[in-house]
*Asks:* 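Questions regarding the structure given below will be posed in turn.
Just so we're on the same page: letters track the sequence lines, and every chain starts at 1. Everything numeric in this text was worked out from a predicted model, so none of it was measured.
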There are 2 protein chains.
Amino acid sequence: MTIEQEFFNQYRLMYRPFINQLNVQLEPYQLYSSQWAVLRLLKDKGPHSFVDIANFMSIEKPSVTKLVHKLVELGYVETMAGKDKREKLVHLSTYGEELVQEIKAHLSPFFEEALAGVSKQDIEIATQVLARICMNINQ
Amino acid sequence: MTIEQEFFNQYRLMYRPFINQLNVQLEPYQLYSSQWAVLRLLKDKGPHSFVDIANFMSIEKPSVTKLVHKLVELGYVETMAGKDKREKLVHLSTYGEELVQEIKAHLSPFFEEALAGVSKQDIEIATQVLARICMNINQ
DNA sequence: GTATATAGTTAGCTAGGCTAACTAATGTAA
DNA sequence: TTACATTAGTTAGCCTAGCTAACTATATAC
């Protein structure tokens with residue numbers, strides 16, 4: 001087996017245990033990992049339109065509609081008028097802002113334990129490898 | 001954002017584009033990436049029982065039943081008696097053996113392009129990081 | 001002003017899992 | 001040896017997290 005195959009093998013092998021554990025961590029907040037990904041995006045990079053979110057997450061618009069509507073229902077985000085009458089911008093509510101802060105703190109030890117025994121340098125290298133693959137795959 | 005959060009952020013961001021592209025590559029063989037994962041396991045590590053496959057892939061037994069039945073339907077794998085009358089072992093058919101070989105060769109350039117510009121050393125580091133996380137997460 | 005493109009929605013589908021409850025076979029302990 | 005518990009696999013039905021096709025409303029281009 002080539003080292004490339006080995007890498008992607010490991011990549012995929014990690015996915016389900018990781019997502020399952022992450023969902024356990026998020027359960028107290030009534031969130032699934034996909035919804036959390038939206039909240040994190042809004043926290044890190046400010047308000048986004050539905051199309052922006054779709055592009056960033058590499059999913060389709062109807063999937064965004066569902067995700068955002070669920071987050072609106074929970075009171076974590078709100079929508080407002082965009083740059084024209086078609087566009088809607090999604091942003092965190094005051095409650096959502098606080099909650100994201102709290103969740104980040106709650107997740108922190110989970111992430112640290114998951115990466116226990118890995119040097120900061122190797123984490124950075126691995127992050128860069130993943131980022132590079134994203135770039136290569138999306139042209 | 002901590003480097004741990006950054007890492008898992010990137011990890012998740014890569015997932016969908018990667019799986020989508022992989023599924024495109026596998027389409028000529030009527031396979032989805034999850035079914036391919038089973039074939040690769042059987043190729044790399046020989047025949048496995050349903051429970052073995054479930055444990056290795058971190059999924060539940062009923063999910064394995066579905067995956068394997070589909071692969072049997074396609075003629076890529078066969079089942080045989082296991083170590084007692086309860087157990088069934090899944091192994092590649094002759095056709096399946098050939099096909100896996102062919103698919104591996106077909107996927108090779110895709111993996112190489114995805115990792116273009118990444119040094120062999122960094123790929124190995126990233127692979128080890130992913131393996132370590134798997135270990136940490138599963139206790 | 002008409003054709004085309006863009007933002008978001010709705011309906012209904014799929015992959016890829018899950019749990020609960022079951023059967024059949026095997027182990028264990030009184 | 002009988003009775004209970006465990007294990008391997010299956011079935012039915014559910015869920016997350018996506019998808020496409022077809023739609024409405026608005027905006028842009030020619």
*Asks:* Answer with yes or no whether B/R86 presents, from its side chain, a donor or acceptor under 3.5 Å of a partner atom in the base of C/dT26.
*Replies:*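 No pair found.
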
*Asks:* When you measure from the side chain of A/S63, which nucleotide among C/dG16, D/dC19, C/dG17 comes out closest?
*Replies:*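 Within the option list, the nearest is D/dC19.
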
*Asks:* Touch check for B/S34, heavy atoms < 4.0 angstrom, all strands: base, sugar-phosphate only, or nothing?
*Replies:*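 Sugar-phosphate, backbone atoms only, no base.
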
*Asks:* By a strict heavy-atom criterion of less than 4.0 Å, which residues belonging to residues 50-61 of chain A are in contact with DNA chain C?
*Replies:*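 When residues 50-61 of chain A is checked for heavy atoms under 4.0 Å from DNA chain C, the hits, listed by number, are A/F50, A/V51, A/K61.
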
*Asks:* Let me know the distance between CD of B/E27 and C1' of C/dT14, rounded to the nearest Å.
*Replies:*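 Nearest whole value for this atom pair: 14 Å.
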
*Asks:* Under a 3.5 Å cutoff on both atom distances, Watson-Crick or G-U, what's the dot-bracket for DNA chain D ([ ] crossing, | other strand)?
*Replies:* ||||||||||||||||||||||||||||||

*Asks:* Would you mind telling me which of C/dA15, C/dG8, D/dA17 lies closest to the side-chain atoms of A/K88?
*Replies:*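 Within the option list, the nearest is C/dG8.
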
*Asks:* Can you figure out which of C/dT10, C/dC18, D/dA17 approaches the side chain of A/N20 most closely?
*Replies:*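 Side chain of A/N20 sits closest to C/dC18.
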
*Asks:* With a 4.0 Å cut-off, would you call B/E60 and B/K66 a salt bridge?
*Replies:*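 Here B/E60 does not pair with B/K66 in a salt bridge, since their nearest N and O are not under 4.0 Å apart.
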
*Asks:* Nearest of D/dA17, D/dT11, D/dA8 to any side-chain atom of B/T65?
*Replies:*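 Selected nucleotide (nearest to the side chain): D/dT11.
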
*Asks:* Could you list the residues that satisfy salt bridge (Lys or Arg N to Asp or Glu O under 4.0 Å) with A/E73, not counting sequence neighbours?
*Replies:*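 So A/E73 forms a salt bridge (Lys or Arg N to Asp or Glu O under 4.0 Å) with A/K70.
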
*Asks:* Spell out yes or no: do the side chain of B/K66 and the base of C/dG16 have one donor N/O and one acceptor N/O closer than 3.5 Å?
*Replies:*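 Looking at the base of C/dG16, it does not pair with any donor or acceptor on the side chain of B/K66 (distance under 3.5 Å).
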
*Asks:* Compare the minimum distances between each of D/dT11, D/dA27, C/dG16 and the side chain of B/P62, then state the nucleotide with the smallest one.
*Replies:*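 Ranking D/dT11, D/dA27, C/dG16 by closest atom to the B/P62 side chain puts D/dT11 first.
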
